[in-house]
Amino acid sequence: MTFFSILFALIAEQYRPVSANHWIHRIGARWLDWVAGEFGGKTEDGASPVGARMACLVAFILPTFFVFVVYVACMLTYPILGFIWNVTIAYLFFGFRQFSHSFTAVHEAIQNHDLPAARLALAEWYGPELDASNLSETEVISLALERAIVGSHHHVFGVLFWFMMPMGPAGVVLYRLADTASQRWSERGDFNLSEAARHFFYVLDWIPSRITAMGFAIVGNFEGAVYGWRYLTGKWADSLSAVILAAGSGALGVRLGEPLSEPDSDEALRMAEAGEPIVYEVGLEPTERTMRSAIGLVWRLIIAWMALLLMLTISLWLG
């Protein structure tokens, strides 16, 4: 059932994408804002550490429990209703076209050699956190690739992982709500709330992020992905995204993130005496061709996931 649920959800999303302004996202955002306001918006200091953890439990567990109860009730009465519920949740929370649409807009502008349009599309994608007015073409491509690689995990591969867990569709809701809250609550300026949400999502995403990194290594440049995962994660501040970006850039054979600083003579001497390897950049500067390669990388990993699910489904049928 899992394989066909995901397959039908992916097909439906290709024909009728769930946009960022879809009603399900508006409801989720209002729910998270309400919880944050109840636990942290009534005092100037925001939520207490305990209150922040309680906010996470209320915001994430209650919708997850509701989805799980409906799923179990459907499966116990009419399994076909459970299948429809699976497809519905997967369709609503799979966000493949949410990031691919923005990536395509940047890619098409780069293809047409329209750098101002590419900057504008990138700025709309990132929002006010990025000033893209003076970015070069290489920088635009690099930032678009980083956003797309992380987005493919948060909206596709991380969702797939939690959909395959025993909770089924409830795991999808739990993962997506935690991901949204970790970003949305950080914008409120409430330190305890944002830290609690980020920690909660870190726990949920620690294993999926590494599975995605391994997937990039398998379907891309294996040696480059492993090297990046091992040595280049320090280029990004977020430890979860760093694993995905390091492996993804290595799998594509390109340089992403801030350039590595070369060690001075004293540091190089210390590393030589300690037998530590010198970390160096791998790959080439990203180009328009790299953007096409990134699309292929993501689709190859999706096909690999679906092939694995199909084999598991067949083995269960035969067993």
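Salt bridge annotation for Glu187-Arg184: absent, with no cationic side-chain nitrogen under 4.0 angstrom from a carboxylate oxygen.
More than 12 heavy atoms of other shown residues, nucleotides or ligands fall within 6.0 angstrom of atom CD in Gln14. More than 12 heavy-atom neighbours from other residues, nucleotides or ligands sit within 6.0 angstrom of CE on Met75. No more than 12 heavy atoms of other residues, nucleotides or ligands sit less than 6.0 Å from atom CD1 of Ile207. Within a 6.0 Å sphere centred on CZ of Arg230, other residues, nucleotides and ligands contribute 12 heavy atoms or fewer.
By the rule that hydrophobic residues join a cluster once side-chain heavy atoms approach within less than 4.5 Å of another member, Val70 and Phe65 end up as members of separate clusters. The same ILVMFWY cluster, assembled from side-chain heavy atoms under 4.5 Å apart, contains both Met306 and Val159. Trp85 and Ile27 fall within the same hydrophobic cluster, where Ile, Leu, Val, Met, Phe, Trp and Tyr residues are linked whenever their side-chain heavy atoms come under 4.5 Å apart, directly or through other members. Ile11 is connected to Val156 through a chain of hydrophobic side-chain contacts under 4.5 Å among Ile, Leu, Val, Met, Phe, Trp and Tyr, so both are in one cluster.
Contact check for Trp236 versus Glu146: side-chain heavy atoms found under the 4.5 Å cut-off. Looking only at side-chain heavy atoms (C-beta outward), Pro208 and Trp162 come within less than 4.5 Å of each other. No side-chain heavy atom of Asn192 sits less than 4.5 Å from a side-chain heavy atom of Glu195. Contact check for Phe103 versus Leu145: side-chain heavy atoms found under the 4.5 Å cut-off. In this structure, Ile244 and Leu240 have side chains that are not in contact, with every pair of non-hydrogen atoms separated by 4.5 Å or more. Using a 4.5 Å cut-off on side-chain heavy atoms (C-beta onward), Phe94 and Arg176 make no contact. Counting only heavy atoms from C-beta outward, the side chains of Leu245 and Val150 approach each other to under 4.5 Å. Side chains of Trp125 and Leu130 form no contact here, defined as non-hydrogen atoms less than 4.5 Å apart.
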Run the side-chain contact (heavy atoms from CB on, under 4.5 Å) check on Val173 and Phe60 step by step: do they pass?
CA-CA 8 Å; Val173 174; Phe60 309 151; over 6 Å; no

Stepwise side-chain contact (heavy atoms from CB on, under 4.5 Å) test for Ile149 and Leu256:
CA-CA 11 Å; Ile149 290 171; Leu256 298 179; 3.9 Å; yes

List the steps and the verdict of side-chain contact (heavy atoms from CB on, under 4.5 Å) for Val254 and Glu285.
CA-CA 6 Å; Val254 296; Glu285 293 291 335; over 6 Å; no

With side-chain contact (heavy atoms from CB on, under 4.5 Å) as the criterion, how do Ser182 and Asp179 come out once you've worked through the C-alpha distance, each side chain's angles and the decisive distance to 0.1 Å?
CA-CA 5 Å; Ser182 67; Asp179 180 24; 3.9 Å; yes

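A side-chain donor from one of Arg198 and Ser186 sits under 3.5 Å from a side-chain acceptor of the other. A side-chain donor-acceptor contact under 3.5 Å links His153 and Asp205.
Geometrically, Arg147 engages Tyr126 in a cation-pi contact defined by less than 6.0 Å to the ring centre and at most 45° from the axis. A cation-pi arrangement, defined by a distance under 6.0 Å to the six-membered ring centre and an angle within 45 degrees of its axis, is present between Arg210 and Trp206.
Remark: the backbone N or O of Ala59 is paired with a side-chain donor or acceptor of Trp31 at under 3.5 angstrom.
Partners of His22 according to the side chain to side chain contact (heavy atoms under 4.5 Å, CB included) rule, which considers only residues two or more places apart in sequence or in another chain, are Val18, Ser19, Ile24, His25, Leu92.
Among residue pairs with one or both ends in residues 103-117, those qualifying as side chain to side chain donor-acceptor pair (under 3.5 Å) are His107-Glu288, Gln111-Glu288; sequence neighbours excluded.
Using the six-membered ring where Trp is involved, His199 and Tyr202 have ring planes that are parallel, under 30° apart on the 30 and 60° scheme.
Separation of atoms OG1 (Thr64) and CG (Leu177) is listed at 6.0 Å; rounding is to 0.5 Å.
Of the listed residues (Phe161, Phe157, Phe201, Phe93), just one forms a ring pair (Phe, Tyr, Trp, His ring centres under 6.0 Å) with Tyr175, and that residue is Phe201. Applying the ring pair (Phe, Tyr, Trp, His ring centres under 6.0 Å) test between Phe83 and each of Phe3, Phe4, Phe8 identifies Phe8 as the sole match.
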